[in-house]
Every structure is written in C-alpha cells, then in structure tokens.
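Okay, structure first, notes after.
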Amino acid sequence: MIFVKTNNVEETVKLGELLGSFAQKGDCICLDGDLGAGKTHLTKGIAIGLGIDEEITSPTFTIVQEYESSLPLFHFDWYRLADEDELYAMGFSDYGRRGGVMVIEWADNIPSALPKDYLHIRISYGESEDERVLCFEANGKRAQELAKIAAEKIR
C-alpha cells in the first residue's frame, strides 16, 4: 500500500491529473471514502490528465457519465445501486470493452463486480479541514504499475 497526503483540493486534483496522464486503455480506478472526502475532485484531475476539459460532476443520479477524448473516461457512482443485477442491467460490462478508463466512486458497494485488475484509492480526512490521506491499493499487474508510477512521481 502507498499513502499520499494532500493539503488542499488543488493538490488532490493535481494528483488525479498525474494519474490521468499515465492512464491507459482499460485502466480501472476505484475510489472510496466518506461523503465530501474528494472522490469527485480526484476524478476531475484524472479527466484533466486525459485531456478532457469538460466540467466533471458526480454521476450520483445518472450512475455513469461519459467523457470523450482520445482515451474516453467512464465515471461511475455506485452509491445508489442496490446490487450487481442493477449494475449489469444498465450495461456495466459493456464499458470495459469500450477501451476507455473507468473511474468508479463507491466501489466498495459492489466489490464482486470489480474487474480483476484495478487500482483502489481510499480517501480519508486528514488532520486539518482540507487535508486528505489517500491509500493506494493495487489489485493486478497493471494497477501495480500505475500505483508505482504515481508513487515515484509524487515523491
């Protein structure tokens, strides 16, 4: 596991931008943390790193937002999903085949639906109001590569 501390929203977005700049086709980044911890801010940064300049919002009510670029971003929010059946009914399995980057907020809600290879980032509040602690856990070879790249570039 790798732990990273950010001191404000801007640093959290910059960390996401770094991840997005190294993302590849088929990468899956899972985000978990309390409400307001910074999951969507990190996703905004990932989008910037992918070259997306659209406004990124949490897809809480739509379940998924799609953003086009040379490497599309599929931004999921599993907060309101009841179970895996509901997820697959909305076509989740198709997104993995479409060749973009998936970012899944509230991934812990349906862990059985996660792909075999994913980078899991747990975001928690730090000591100050704006500080966040991000714990990177890699599941699979590509996720390990992405976590290693991020750790090397962050330090």
Worked verdict on Leu19 versus Phe136 for side-chain contact (heavy atoms from CB on, under 4.5 Å): CA-CA 12 Å; Leu19 287 170; Phe136 289 65; 4.1 Å; yes

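- For the atom pair CD1 (Ile121) and CG (Leu42), the distance works out to 5.0 Å, reported to the nearest 0.5 Å.
- Under a hydrophobic-cluster definition in which Ile, Leu, Val, Met, Phe, Trp and Tyr are linked whenever side-chain heavy atoms come within less than 4.5 Å, directly or via other members, Phe22 and Ile52 are assigned to the same cluster.
- Looking at Lys44, its side chain never comes within 3.5 Å of a backbone N or O of Glu17 through a donor-acceptor pair.
- Atom NE2 of His41 sits about 13.5 Å away from atom CG of Leu15, to the nearest 0.5 Å.
- Linking Ile, Leu, Val, Met, Phe, Trp and Tyr residues whenever their side-chain heavy atoms come within less than 4.5 Å places Leu31 and Tyr67 in a single cluster.
- Counting only distance, with no hydrogens or angles, the side chain of Asp117 and the backbone of Lys141 share a donor-acceptor pair below 3.5 Å.
- In this structure, Leu119 and Ala143 approach most closely via the heavy-atom pair N-CB, 3.7 Å.
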If you apply the rule side-chain contact (heavy atoms from CB on, under 4.5 Å), what do you find for Glu145 with Arg142, and how did you get there? CA-CA 5 Å; Glu145 292 171 2; Arg142 172 60 190 151; 3.5 Å; yes

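- For the pair Lys39 (side chain) and Gly33 (backbone), a donor-acceptor distance under 3.5 Å is present.
- Around the OH atom of Tyr79, the shell of radius 6.0 Å holds no more than 12 heavy atoms that belong to other residues, nucleotides or ligands.
- Rounded to the nearest 0.5 Å, atoms NZ (Lys25) and CZ (Arg98) are 12.5 Å apart.
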Give the intermediate values and the outcome of side-chain contact (heavy atoms from CB on, under 4.5 Å) for residues Tyr95 and Glu66. CA-CA 10 Å; Tyr95 286 94; Glu66 298 183 33; 3.0 Å; yes

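- Nearest heavy atom pair, residue Pro72 against residue Gly99, reads CD-O, 4.1 Å.
- The minimum heavy-atom distance between Met1 and Cys135, with the atom names listed, is SD-SG, 3.3 Å.
- In this structure, Glu131 and Glu127 approach most closely via the heavy-atom pair OE1-N, 2.7 Å.
- Ile56 pairs in a side-chain contact (heavy atoms from CB on, under 4.5 Å) with only one of the listed residues (Val103, Val13, Ile46, Thr43), which is Thr43.
- Connection of Val9 to Tyr125 is not established within any shared hydrophobic cluster, with ILVMFWY side chains joined at heavy-atom distances below 4.5 Å, either directly or through further cluster members.
- Put simply, Ile110 and Phe76 are part of the same group of oily side chains (I, L, V, M, F, W, Y) that touch within less than 4.5 Å, one to the next.
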Leu146 and Ile29: side-chain contact (heavy atoms from CB on, under 4.5 Å), yes or no, with the steps? CA-CA 10 Å; Leu146 192 55; Ile29 302 170; 4.2 Å; yes

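- Under a hydrophobic-cluster definition in which Ile, Leu, Val, Met, Phe, Trp and Tyr are linked whenever side-chain heavy atoms come within less than 4.5 Å, directly or via other members, Ile104 and Leu87 are assigned to the same cluster.
- Within the 3.5 Å criterion, the main-chain N or O of Ala107 finds a donor-acceptor partner in the side chain of Asp32.
- Residues Leu134 and Thr6 meet the side-chain proximity criterion, which asks for heavy atoms closer than 4.5 Å.
- Within the 4.5 Å cutoff, the side chain of Trp78 has heavy atoms near those of the Leu114 side chain.
- Put simply, OG1 on Thr12 and CG on Asn8 are 7.0 Å apart, with the number rounded to the nearest 0.5 Å.
- Interatomic distance, SG of Cys30 versus CD of Glu137, reported as 10.5 Å (0.5 Å rounding).
- For Ala23 against Val101, the heavy-atom pair with the smallest separation is CB-CG2, 3.8 Å.
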Working for salt bridge (Lys or Arg N to Asp or Glu O under 4.0 Å), residues Glu11 and Lys14: CA-CA 5 Å; Glu11 286 184 12; Lys14 278 291 190 195; over 6 Å; no

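- Using a 3.5 Å distance cut-off with no hydrogens or angles, the side chains of Asn139 and His120 do not pair a donor with an acceptor.
- Under a 3.5 Å cut-off, the side chain of Arg80 and the backbone N or O of Ile63 do not form any donor-acceptor pair.
- Annotation: the span from Ile123 atom CD1 to Thr40 atom OG1 amounts to 9.0 Å, rounded to 0.5 Å.
- Minimum heavy-atom separation, Ala37 to Arg132: O-NE, 2.6 Å.
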